[in-house]
*Asks:* 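Below you'll find the structure I mean.
Throughout, a chain's letter reflects where its sequence line sits, starting with A, and its residues are numbered from 1.
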Amino acid sequence: GESVGLHLPTLSVQEGDNSIINCAYSNSASDYFIWYKQESGKGPQFIIDIRSNMDKRQGQRVTVLLNKTVKHLSLQIAATQPGDSAVYFCAESNAGNNRKLIWGLGTSLAVNP
Amino acid sequence: DGGITQSPKYLFRKEGQNVTLSCEQNLNHDAMYWYRQDPGQGLRLIYYSQIVNDFQKGDIAEGYSVSREKKESFPLTVTSAQKNPTAFYLCASSPLGTSGTETQYFGPGTRLLVL
């Protein structure tokens with residue numbers, strides 16, 4: 001399944017499928033990007049980050065892709081599990097904004113068993 | 001939630017009352033942040049501090065105040081001037097590195113409700 005964070009805030013996938021959550025960022029000067037997972041009633045948890053000198057970074061079952069040309073960021077989750085159900089936020093920052101993170105609105109991921 | 005604690009988990013405020021939300025971290029992080037999250041929304045920055053005895057306003061500082069007397073602690077006061085305080089409040093901390101923005105780590109949050 002695939003979504004665009006700002007236009008399709010809910011993504012529903014089948015357990016075991018791969019998920020792709022997309023995020024469009026606005027500031028071409030942004031040089032740091034980060035993905036967080038937030039479960040209901042809890043604080044956001046760090047998933048993975050990437051700096052602008054890279055276009056891909058992999059973690060455990062997750063991959064972040066950065067396309068600076070079109071200012072697009074995506075989070076890929078392999079073999080999605082019920083425990084992956086949460087809201088996923090992307091955030092961007094640049095050295096000129098005093099380390100403040102600019103947050104996206106979030107995408108809700110629902111995993112169907 | 002790492003080494004960041006927030007208390008209480010739920011807080012009730014009466015009209016005209018000031019309330020203070022606690023945030024403590026034992027990660028030896030220099031920077032600390034307060035965010036507000038409304039239902040179905042992203043995070044909005046209220047205040048942040050990069051060093052003891054210094055802090056800066058975020059995007060929605062009106063009706064809030066903070067202090068940073070100790071590196072480990074960054075309490076947030078929601079004053080009576082904040083007319084719509086019902087929200088989920090999140091505290092975060094991060095180290096200050098030489099490479100630029102560093103990862104922020106979040107506490108479990110405090111849900112503030114108005115009676």
*Asks:* Taking the side chain as every heavy atom from C-beta outward, state whether K71(A) and S28(A) have any atom pair closer than 4.5 Å.
*Replies:* yes

*Asks:* With only heavy atoms counted, which part of Q6(B) is less than 4.5 Å from chain A, the side chain, the backbone, both or neither?
*Replies:* neither

*Asks:* Which bit of L45(B) comes within less than 4.5 Å of chain A, counting heavy atoms only: side chain, backbone, both or neither?
*Replies:* side chain

*Asks:* When you measure from the centre of the six-membered ring of F55(B), is the NZ or CZ of R68(B) under 6.0 Å away and within 45° of the axis?
*Replies:* no

*Asks:* Taking the side chain as everything from C-beta on, heavy atoms only, tell me whether V52(B) gets closer than 4.5 Å to K70(B).
*Replies:* no

*Asks:* For R111(B), which atoms come within 4.5 Å of any heavy atom of chain A: side chain, backbone, both, or neither?
*Replies:* side chain

*Asks:* So which atom in T20(B) and which in P75(B) form the shortest heavy-atom distance, rounded to 0.1 Å?
*Replies:* CG2-CB, 4.0 Å

